[in-house]
Participant: 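Sharing a structure with you now.
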Amino acid sequence: MFRKYFYTENSPSIENRNVKRTARNTITQIEHEVYTDFNEVINRLKKEGNTIIGIEVADKSVALQNFDFSSKEKIVLLLGSERNGIENINSVDATVAIPMYGRNSSMNVIHSLSIALYETTNQLNKNYK
């Protein structure tokens with residue numbers, strides 16, 4: 001299901017001790033790619049037939065649980081930096097937001113990814129049963 005992850009050259013590398021400790025053995029099990037040009041990698045992924053879904057609070061964001069992931073054949077979940085969000089929000093095909101209650105409107109990127117992967121997997125698994 002999870003095929004590949006991409007990270008910017010400014011991210012800690014997989015050689016980083018903390019990354020190795022946190023990721024454990026998944027570094028060797030999941031393909032990864034370091035990119036330098038955001039627009040180039042997004043355009044390449046789109047040409048390969050992927051739907052780019054930004055996990056971001058934006059004007060046109062749909063609540064995560066209301067987005068139909070199962071209608072997409074190939075999905076890329078795109079997360080931005082915790083400080084600045086997605087670099088070029090206009091390059092995505094759709095944005096989804098994780099509903100939050102109370103005063104806070106943002107969360108840690110890895111928590112956002114975990115929640116988004118759970119919802120995506122849950123919807124996709126319903127179609128395979």
Side-chain angles (χ1 to χ4, degrees):
M1 173 95 127
F2 192 72
R3 305 266 191 258
K4 187 174 188 176
Y5 67 92
F6 295 80
Y7 59 95
T8 177
E9 63 186 349
N10 298 326
S11 299
S13 86
I14 61 168
E15 298 305 318
N16 178 290
R17 190 178 74 187
N18 289 332
V19 171
K20 283 183 176 181
R21 183 176 44 83
T22 303
R24 296 201 248 185
N25 199 29
T26 58
I27 289 174
T28 61
Q29 297 172 357
I30 299 174
E31 190 178 348
H32 61 276
E33 181 179 323
V34 179
Y35 69 89
T36 56
D37 185 336
F38 176 83
N39 291 321
E40 182 276 324
V41 77
I42 292 299
N43 290 331
R44 178 168 38 103
L45 290 167
K46 283 184 177 188
K47 286 178 185 171
E48 293 170 359
N50 293 285
T51 301
I52 313 297
I53 302 167
I55 312 300
E56 184 79 68
V57 176
D59 291 341
K60 296 181 180 179
S61 292
V62 174
L64 177 69
Q65 70 275 18
N66 295 334
F67 188 83
D68 184 8
F69 290 97
S70 63
S71 69
K72 311 299 180 212
E73 190 169 324
K74 295 169 71 177
I75 298 170
V76 171
L77 296 178
L78 179 64
L79 292 104
S81 70
E82 290 182 14
R83 178 166 289 159
N84 301 317
I86 295 174
E87 184 176 323
N88 185 352
I89 195 71
N90 297 324
S91 63
V92 303
D93 297 308
T95 55
V96 296
I98 299 167
M100 296 182 65
Y101 303 97
R103 295 178 135 179
N104 196 0
S105 64
S106 66
M107 66 177 70
N108 181 283
V109 169
I110 195 63
H111 293 131
S112 297
L113 176 61
S114 299
I115 292 166
L117 284 173
Y118 174 82
E119 180 62 27
T120 304
T121 304
N122 190 39
Q123 286 187 28
L124 294 175
N125 281 339
K126 287 179 183 176
N127 280 357
Y128 292 117
K129 291 183 180 184

Participant: Do Asn50 side-chain atoms and Lys46 backbone N/O form a donor-acceptor pair below 3.5 Å?
Facilitator: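 Not confirmed, Asn50 side chain does not pair with Lys46 backbone.
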
Participant: Which distance, rounded to the nearest 0.5 Å, do you find between the CG of Leu45 and the CD of Glu40?
Facilitator: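 Leu45 CG to Glu40 CD: 8.5 Å, rounded to 0.5 Å.
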
Participant: Flag yes if Val109 and Ile89 sit in one hydrophobic cluster, no otherwise; membership is Ile, Leu, Val, Met, Phe, Trp, Tyr, and two members link when side-chain heavy atoms are under 4.5 Å apart.
Facilitator: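 Per the 4.5 Å side-chain linkage, Val109 and Ile89 are not co-clustered.
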
Participant: Drop me the distance from Ile98's CD1 to Gln65's CD, to the nearest 0.5 angstrom.
Facilitator: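 So the gap between those two atoms works out to 9.5 Å.
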
Participant: Got a sec, which residues hit salt bridge (charged side-chain N to carboxylate O under 4.0 Å, His left out) with Lys74, two or more places apart in sequence or on another chain?
Facilitator: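 Once residues adjacent in sequence are excluded, Lys74 has no partner under the salt bridge (charged side-chain N to carboxylate O under 4.0 Å, His left out) criterion.
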
Participant: From Ser112 OG over to Leu79 CG, what is the distance, rounded to the nearest 0.5 angstrom?
Facilitator: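 Reported to 0.5 Å precision, the distance equals 6.5 Å.
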
Participant: State plainly whether the residues Asp93 and Lys72 are in salt-bridge range, i.e. N to O under 4.0 Å.
Facilitator: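 Salt bridge absent between Asp93 and Lys72.
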
Participant: Would Ile86 and Phe38 count as a side-chain contact (heavy atoms from CB on, under 4.5 Å) here? Give the steps.
Facilitator: CA-CA 10 Å; Ile86 295 174; Phe38 176 83; 4.2 Å; yes

Participant: Quick one: closest heavy-atom pair of Phe69 and Leu77, and the distance?
Facilitator: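 Minimum heavy-atom contact is CE2-CD2, 3.9 Å.
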
Participant: Okay, side chain of Ser61, backbone of Glu56: is any donor-acceptor separation there less than 3.5 Å?
Facilitator: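 Yes, Ser61 side chain to Glu56 backbone: donor-acceptor pair under 3.5 Å.
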
Participant: Are Ile75 and Val92 connected in a single hydrophobic cluster, I mean Ile/Leu/Val/Met/Phe/Trp/Tyr linked by side-chain heavy atoms less than 4.5 Å apart?
Facilitator: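 In one cluster: no.
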
Participant: With rounding to the nearest 0.5 Å, note down the distance linking OG1 in Thr51 to CG in Leu78.
Facilitator: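 CG of Leu78 is found 13.0 Å from OG1 of Thr51.
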
Participant: If you round to the nearest 0.5 Å, how far is CG of Asp59 from OG1 of Thr95?
Facilitator: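 The OG1 atom of Thr95 sits 8.5 Å away from the CG atom of Asp59.
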
Participant: Kindly check if the number of other-residue, nucleotide or ligand heavy atoms within 6.0 Å of OH (Tyr118) is above 12?
Facilitator: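 Check fails, neighbour count at 12 or below.
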
Participant: How many angstroms lie between CZ in Phe6 and CD in Glu31, if you round to the nearest 0.5 Å?
Facilitator: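 Output value for this atom pair is 7.5 Å.
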
Participant: Can a donor-acceptor pair be found, under 3.5 Å and without considering hydrogens, that links the side chain of Gln123 to the backbone of Phe67?
Facilitator: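 Such a contact is found between Gln123 side chain and Phe67 backbone.
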
Participant: Please answer whether the main-chain N or O of Asn88 pairs with a side-chain N or O of Ser91 as donor and acceptor at a distance below 3.5 Å.
Facilitator: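 Checked: pair present.
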
Participant: Answer yes if Ile53 and Leu64 sit in the same cluster of Ile, Leu, Val, Met, Phe, Trp and Tyr residues linked by side chain heavy atoms under 4.5 Å apart, and no otherwise.
Facilitator: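 They do share one cluster, since a chain of ILVMFWY contacts under 4.5 Å joins Ile53 to Leu64.
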
Participant: Please say yes or no: joined through hydrophobic side-chain contacts below 4.5 Å, possibly via intermediate residues, are Leu113 and Val62 part of one cluster?
Facilitator: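 Looking at the clustering, Val62 is in the same group as Leu113.
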
Participant: Do Met100 and Ile115 sit in one hydrophobic cluster, given that two such residues count as connected whenever their side-chain heavy atoms are within less than 4.5 Å of each other, even indirectly?
Facilitator: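 Met100 and Ile115: one cluster.
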
Participant: More than 12 non-hydrogen atoms from neighbouring residues, nucleotides or ligands closer than 6.0 Å to CD on Glu33, yes or no?
Facilitator: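 Yes, enclosed.
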
